[in-house]
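In what follows, every heavy atom counts, from backbone to side chain, and hydrogens, waters and symmetry copies are set aside. Here the structure is a predicted model, which is why all the values come from computation and not from measurement.
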Amino acid sequence: MKDRKPKNIFVQGAIPPSFIADSIQKHSTQTTIGGHSIFLGQVRADMINDKKVASIDYTTYEEMALEKMQEIREGIFEKYDLTCMHVYHSLGNVAAGEISLFVFASAAHRKAAIQACEETVEKIKAELPVWGKELFEDETYQWKENKQSQ
Amino acid sequence: MKDRKPKNIFVQGAIPPSFIADSIQKHSTQTTIGGHSIFLGQVRADMINDKKVASIDYTTYEEMALEKMQEIREGIFEKYDLTCMHVYHSLGNVAAGEISLFVFASAAHRKAAIQACEETVEKIKAELPVWGKELFEDETYQWKENKQSQ
Amino acid sequence: MQVKIIIFGQLTDITGTSVSLDNVTDTDNLVKTMNKLYPGLADKKYLVAVDKKIIAENSLLKENSTVALLPPFSGG
Amino acid sequence: MQVKIIIFGQLTDITGTSVSLDNVTDTDNLVKTMNKLYPGLADKKYLVAVDKKIIAENSLLKENSTVALLPPFSGG
């Protein structure tokens with residue numbers, strides 16, 4: 001288990017809603033599932049010092065991030081009675097209004113799915129080596145900072 | 001506010017994944033949103049006394065359910081700083097593996113979206129006058145019972 | 001006085017989906033009458049709603065009140 | 001001994017995305033050398049990872065170790 005190659009979670013650019021629909025559709029054959037909990041992170045057009053965020057450019061330390069994500073997954077599967085869990089994170093440019101994070105937990109009963117999804121989102125925000133550079137409409141930028149559990 | 005006509009939440013049959021994708025897509029113009037929390041209820045092919053659930057047939061007391069849902073919505077919007085929330089519930093026949101409940105909460109920050117979605121799901125299960133009749137493969141049936149917060 | 005009773009979920013296996021009764025003045029009275037007509041109802045768990053509001057104690061009925069018998073919910 | 005340093009996030013504005021150093025034997029030593037080369041680094045908050053593991057205290061480096069400087073994460 002520990003030595004298996006970590007799954008890739010990264011996708012180039014925004015995560016399209018049709019991709020999310022396909023993921024949901026694929027679970028219709030898994031008829032032991034009773035509940036899915038999904039979290040989607042969407043890029044906000046925040047106003048910072050009178051300048052509007054137009055997009056976020058995401059970068060990562062990929063080898064380390066995939067190992068860390070594998071470790072997070074294993075912890076979650078030990079703690080919750082899940083049927084399956086899928087995580088996707090954008091790299092590169094994601095425009096305001098588009099989806100950059102997709103966490104999808106499924107279980108026989110809703111509590112496990114909901115709690116596993118929430119905990120995974122918190123761990124991704126806190127532990128995954130990913131950085132977002134907020135690009136303003138005037139082509140200047142600032143580096144994004146995650147606040148604790150907001 | 002209190003007197004406005006309650007929104008319809010009921011859809012005939014299963015909720016298709018493409019409908020969920022369209023709902024997500026529509027939020028891309030709302031660039032104050034930073035997180036979406038989605039819950040999907042899926043019909044399980046439970047084995048009960050050696051018989052397998054093939055589908056659930058949902059019925060409701062519609063006028064009462066829509067008023068109750070409106071009351072739940074108002075309570076949730078008072079409690080959480082949400083941008084928007086959408087709820088859809090199936091009526092009629094939904095096959096095992098298909099989606100019968102779709103709760104979709106969106107907010108600037110993830111905590112409000114996640115907590116509002118979870119609380120709404122709990123309230124729907126506990127307070128909404130909806131009944132599910134589990135139809136077995138041999139065409140017999142039993143009435144479904146919701147367990148507390150599982 | 002005529003009262004319309006609508007019935008849901010598993011209770012419909014006993015009573016069908018609606019029943020009209022004459023000569024019932026309050027909800028206790030209504031429940032007793034229903035139990036006499038449909039003995040299978042007596043040991044079932046359900047809530048009573050009058051005009052879409054769940055009632056916690058005996059309530060007077062008005063002409064054209066709609067009473068609903070609501071067994072445990074199982075949506076979602 | 002040659003050590004490769006890879007740099008991420010806002011720190012790349014100061015150092016670029018990678019730097020190679022000779023003659024560094026441990027991570028304290030490496031951080032000091034980097035601060036001398038790039039004074040802007042000195043007051044920045046970041047974690048140090050050696051071969052993808054975040055370290056909590058001074059660690060000896062091996063030939064071909066990869067050291068990463070990781071400013072606060074902001075994924076999601």
### Task
Check whether any side-chain heavy atom of A:K7 sits under 4.5 Å from a side-chain heavy atom of A:M69, and report yes or no.
no
## Note on the structure
If you tally heavy-atom pairs under 4.5 Å between each of B:T32, B:V121, B:D22 and chain A, the highest tally belongs to B:T32
### Query
Given the options B:I24, B:I20, B:I33, which has more heavy-atom pairs under 4.5 Å with chain A than any of the others?
B:I33
### Message
For chain B, which candidate among A:A45, A:G34, A:G35 shows the most heavy-atom pairs at distances under 4.5 Å?
### Response
A:G34
### Query
Between A:S106, A:G41, A:A108, A:A113, which residue shows the highest count of heavy-atom pairs closer than 4.5 Å to chain B?
A:A108
### Working for side-chain contact (heavy atoms from CB on, under 4.5 Å), residues A:H27 and A:H86
CA-CA 11 Å; A:H27 289 74; A:H86 306 279; 3.2 Å; yes
### Task
Give the member of B:V103, B:L40, B:L101 that has the highest number of heavy-atom pairs under 4.5 Å with chain A.
B:L40
### Task
Work out which heavy atom in B:Y58 is nearest to a heavy atom in B:S100; give both atom names and the distance.
OH-OG, 3.4 Å
### Task
Counting only heavy atoms closer than 4.5 Å, note whether B:K125 contacts chain A via side chain, backbone, both or neither.
side chain
### Query
Is the B:F104 ring parallel, tilted or perpendicular to the B:F102 ring (thresholds 30°, 60°)?
parallel
### Query
By a 4.5 Å heavy-atom criterion (distance strictly below it), what part of A:Q30 contacts chain B: side chain, backbone, both, or neither?
backbone
### Query
Just wondering, do A:Q142 and A:V53 contact through their side chains at under 4.5 Å, heavy atoms?
no
#### Entry: B:S37, part contacting chain A, at a heavy-atom distance under 4.5 Å
both
